[in-house]
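Beneath this line is the structure, given in structure tokens, with notes to follow.
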Amino acid sequence: MTLLARTAGAPNRNDARLNRSGRGRHSEDHGSSEVAGLWTLLRLMGRRDRWRAPIWILSLAALNAYFANAIAVVMDEGTLASMVVFAKNPVMGLITGPGYGMDEITIPRFVVGMYGVFLMLGAALMSITTMTRHTRAEEQTGRAELLRANVVGRHTQLLAALGLTVVMNLVAGFLMSLTFFFSEAKPDPFSSALLFGASIAAAGCVFAAITGVTVQLSSFSRAASGIAGAVLAAAFVVRGLGDMSAVSGGDLKWLSWLSPLGWSQQTAPYTLDRWMPLLLSVAAIVVLVPVSVLLQSRRDLSAGIFADRLGRAHASSALSTSTGLALRLQRSSLVWWSIGVFAMALIFGSFTGVMRDGAAGMPPEILDLMGGSSGIVDGYIGYMALYFAMIVAAYAIIAASGLRAEESGLRTEPVLATPVGRGRWVLSWMSVTLLGSLWLLALAGLGEGLGAAASTGGWSLLGPTILGHIAQTASVWALLGLALALYGCAPRLQGLTWIVFACSAGLALFGQMMDLDEAVLDTSVFVHIGQYPAQDLSPEAVVALVAIAAVLVILGVLGFRRRDLVTV
């Protein structure tokens, strides 16, 4: 017995010598390099994204090609000239940008000025999701620990993810330059098309560096991508306020220079053709990458800079239900979205007085679009209701994607191991998201109404503004139903919801200006309800969209009950 104890308790002297020798060789060969195995890990990431990366890159290039060719085919010189007044609309400045070169408008200038910011948003989202996927998500699932067991440096995974994302942005930017230059828009010279692609790639690279920092802050991938998404939203709002002020002749146009999106737009391809603003993007990357490396050096693997708070010793009674658990998992995201949406709505609503006071100097085309000089306030509020419906739709799609994240993260299985059934779990999650969407639109209406009432002195606007925003919930629910149907039946195709969302938003924002057929416009979920109070609400459209959402939810539940769980 003593012999067995001594054998089990004391390590063999030769084994100990071998272990010391092995550690010494490893330290001598690779311990001094914090980026050991960089090229190998970069190839591994490229292998994992062999389908995902080309889809992102080609989708952005195809979207740019569609914009350039469609505008060139649809618009003649007369139609293009009439677009000048729309491009100079302060609301369009808020949504699309400062509209450089619109005084002497050409198709290339129109495409760059009206659609460039949406391509930048696409590149930024590609960067955020790619960085999170290859860094924090790997740590959260435990795969990063297996990689670290090999000859891989401490910062290798972060820098490899940055390298892959930068390459994706550069390739996408170059392909967009080519598709734009060889499109029906016939832009010339190629250097301007190259500048356009470089400006989009620069915005994507900046947000790759920003995400490199945010993934160090929290131990959860959803929180890391959420923080990066909040920075993107803030950058869009700050740029929008600056550009809106610039178009309306205000004093806040300097705000555009505080946003990475604004830096790329200030290059003004085919008008000013200046490369200098991109130096701000390069400077931001040069600062943010060392910051991310420094933060990673100060935390443990799978931990975040912000330590996780200890939970209660005993769970709340609310967590005994599937709905309570779904609400707890979505609570943090919903709180931050609520703060952001209300702040945005309050700021945008405060511009209502500016719109009313400037109505006398607006071109007739803009006044017609906004409901005429007597209805400019109602027109602006109705248009912003549509705008916030699109913002909340993005929240709903992201929240629906959380179902797949829970499943692939092996957290759905323990829930289903309890008496909670598959259908009940999915319906609980979707109920929270459905009510969360309604809450956000109501909050947007409240903020918009308060801002409009304070700036105009007309407190009678508050009720109609809230109602107009809430009415848009049906269109959001239709997209949410589609996301659930795809999750239940084909979870790997759930990303197609973003394509439907992008097409619907594009048609709602620009379809009427492009004089598209009604049949084409009707394919958008955002055009049927009406922009109240400028337009009458359509109860039939609301009922139809809610019914469509209900059918899609049922399909999603049935599909989820019949398929196997996807855990990889």
Side-chain angles (χ1 to χ4, degrees), residues 121 125 128-129 222 225-226 229-230 232-233 236 323 326-342 344-345 384-407 425-445 447 468-489 491 493-506 508-509 524-529 541-542 544-557 560:
L121 290 174
L125 290 174
I128 292 172
T129 56
R222 190 183 306 170
S225 58
L232 176 59
F236 184 82
T323 303
L327 177 60
R328 178 63 182 84
L329 293 174
Q330 298 187 52
R331 184 183 65 183
S332 177
S333 175
L334 186 58
V335 167
W336 285 109
W337 273 88
S338 298
I339 295 172
V341 165
F342 183 75
M344 289 172 60
M384 293 312 298
L386 173 67
Y387 187 59
F388 274 103
M390 298 174 188
I391 294 176
V392 175
Y395 155 80
I397 297 173
I398 293 173
S401 301
L403 271 173
R404 187 183 177 195
E406 292 296 309
E407 182 178 346
W425 168 240
V426 172
L427 288 176
S428 297
W429 188 279
M430 294 306 294
S431 297
V432 173
T433 308
L434 289 167
L435 293 177
S437 303
L438 176 62
W439 160 255
L440 289 177
L441 280 171
L443 203 60
H469 284 66
I470 290 178
Q472 299 294 332
T473 306
S475 58
V476 176
W477 284 358
L479 285 172
L480 184 56
L482 175 61
L484 178 60
L486 290 174
Y487 166 73
C489 301
L493 300 180
Q494 194 178 23
L496 294 177
T497 311
W498 285 108
I499 298 177
V500 177
F501 164 75
C503 292
S504 293
L509 291 174
S524 170
V525 298
F526 296 115
V527 301
H528 301 284
I529 295 175
V542 173
L545 288 170
V546 171
I548 291 172
V551 171
L552 290 172
V553 168
I554 293 173
L555 289 176
V557 171
F560 182 65

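Any value given below was found using the heavy atoms of this structure, including those in side chains, with hydrogens, waters and symmetry copies removed.
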Of the non-hydrogen atoms in [X] and [Y], which two are nearest, and what is the gap between them?
X      : Y      : result
Leu327 : Val432 : N-CG2, 3.8 Å
Leu479 : Ala393 : CD1-CB, 3.9 Å
Thr497 : Leu486 : OG1-CD1, 3.5 Å
Val546 : Ala474 : CG2-CB, 3.9 Å
Ser428 : Thr323 : OG-OG1, 3.3 Å

Taking only residues two or more places apart in sequence, or in another chain, which ones meet [X] in a side chain to side chain contact (heavy atoms under 4.5 Å, CB included)?
X      : answer
Ile339 : Val335, Trp336
Ala400 : Leu480, Ala483, Gln494
Val551 : Leu555
Ser504 : Val500, Ser524, Val525, Phe526

Got a second to check how far [X]'s [atom1] is from [Y]'s [atom2], nearest 0.5 Å?
X      : Y      : atom1 : atom2 : answer
Arg404 : Glu407 : CZ    : CD    : 8.5 Å
Tyr487 : Met430 : OH    : CE    : 10.5 Å
Ser225 : Leu232 : OG    : CG    : 12.0 Å

Subject >> Any donor-acceptor pair under 3.5 Å from Trp477 side chain to Leu545 backbone >> reply: no
Original post:
With no hydrogens and no angle check, is any side-chain donor or acceptor of Gln330 less than 3.5 Å from a backbone partner on Trp429?
Top reply: yes
**OP:** Show the numbers, then the answer: is there a side chain to side chain contact (heavy atoms under 4.5 Å, CB included) between Trp498 and Ile398?
**Re:** CA-CA 10 Å; Trp498 285 108; Ile398 293 173; 3.6 Å; yes
Subject >> From CA spacing to verdict: side chain to side chain contact (heavy atoms under 4.5 Å, CB included), Leu434, Thr473 >> reply: CA-CA 9 Å; Leu434 289 167; Thr473 306; over 6 Å; no
Original post:
After noting the C-alpha distance and the side-chain angles of Ile391 and Met344, does the key distance pass the side chain to side chain contact (heavy atoms under 4.5 Å, CB included) rule?
Top reply: CA-CA 11 Å; Ile391 294 176; Met344 289 172 60; 3.4 Å; yes
Original post:
Are side-chain heavy atoms of Leu334 and Tyr395 found at a separation under 4.5 Å?
Top reply: yes
List the atom pairs, with distances to 0.1 Å, where a side-chain N or O of residues 435-445 and a protein N or O form a donor-acceptor pair under 3.5 Å, not counting sequence neighbours.
residue	atom	partner	partner atom	Å
Ser437	OG	Thr433	O	2.9
Trp439	NE1	Ser338	OG	2.9

Original post:
What do the steps show when you test Met390 against Leu509 for side chain to side chain contact (heavy atoms under 4.5 Å, CB included), and what is the final call?
Top reply: CA-CA 10 Å; Met390 298 174 188; Leu509 291 174; 3.7 Å; yes
Subject >> Pairing residues for Ser332 by the side chain to side chain donor-acceptor pair (under 3.5 Å) criterion, not counting sequence neighbours >> reply: none
